[in-house]
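Please read the structure below before turning to the comments.
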Amino acid sequence: MSESEGFFIDWDGNARSVSDPGGGYVCDTDMIAKYVAVNTKTGALVHEGTYYKTIEAIAKAGIKASFVPGSHPWGSKKDGF
């Protein structure tokens, strides 16, 4: 099931929107299982995460994450990006 609203934590600890994950990726979300699969446009799985309905839900879970827009690159200089 795809969902256009909600958030997940990327591999750098940033909160990202499931509707605009950036990096040319697309999200497949399952709200019931609270699961997010981040895929390439051809379907290769690149990241899995927990689905959060709101930024406040992330904070309530005890996670300190800054929201980044889809234009923010995945990875960091130390990762070679």
Side-chain angles (χ1 to χ4, degrees):
M1 159 177 30
S2 290
E3 180 62 35
S4 62
E5 296 181 24
F7 304 90
F8 67 97
I9 306 300
D10 70 12
W11 57 60
D12 289 323
N14 300 309
R16 290 184 180 263
S17 170
V18 297
S19 63
D20 183 23
Y25 301 133
V26 293
C27 289
D28 186 23
T29 62
D30 185 329
M31 292 174 49
I32 296 169
K34 297 187 185 235
Y35 173 78
V36 177
V38 182
N39 302 309
T40 64
K41 290 185 179 184
T42 58
L45 178 67
V46 294
H47 182 70
E48 296 176 296
T50 300
Y51 171 81
Y52 298 94
K53 187 169 181 146
T54 63
I55 292 289
E56 292 78 17
I58 293 171
K60 187 175 179 182
I63 300 168
K64 294 181 182 177
S66 298
F67 174 76
V68 295
S71 60
H72 184 83
W74 282 71
S76 63
K77 287 184 180 182
K78 69 177 178 137
D79 298 324
F81 296 99

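Reckoned from all heavy atoms, side chains included, excluding hydrogens, waters and symmetry mates. As the structure is a prediction and not an experimental result, all values here were calculated from the model.
- Heavy atoms only, all atoms of each residue included: His72 and Arg16 are closest at O-NH2, 3.1 Å.
- In terms of hydrophobic clustering, with Ile, Leu, Val, Met, Phe, Trp and Tyr side chains grouped at heavy-atom distances under 4.5 Å, Val38 and Met31 are assigned to a common cluster.
- Rounding to the nearest 0.5 Å places CD1 of Ile58 at 14.5 Å from NZ of Lys64.
- With Asp30 contributing its side chain and Lys34 its backbone, the two residues share no donor-acceptor pair below 3.5 Å.
- Residues Tyr25 and Val46 meet the side-chain proximity criterion, which asks for heavy atoms closer than 4.5 Å.
- Here the NE2 atom belonging to His47 is positioned 6.0 Å from the CG atom belonging to Asp10, to the nearest 0.5 angstrom.
- The closest side-chain heavy-atom distance from Ile9 to Ile63 is below 4.5 Å.
- Judged by distance alone, with hydrogens and angles left aside, the side-chain atoms of Ser17 form no donor-acceptor pair with the main-chain N or O of Pro21 at under 3.5 Å.
- Rounded to the nearest 0.5 Å, atoms OH (Tyr52) and CD1 (Ile55) are 11.0 Å apart.
- Put simply, SG on Cys27 and CZ on Phe7 are 11.5 Å apart, with the number rounded to the nearest 0.5 Å.
- Within the 4.5 Å cutoff, no side-chain heavy atoms of Trp74 are placed close to those of Asp12.
- Put simply, Phe8 and Tyr51 are part of the same group of oily side chains (I, L, V, M, F, W, Y) that touch within less than 4.5 Å, one to the next.
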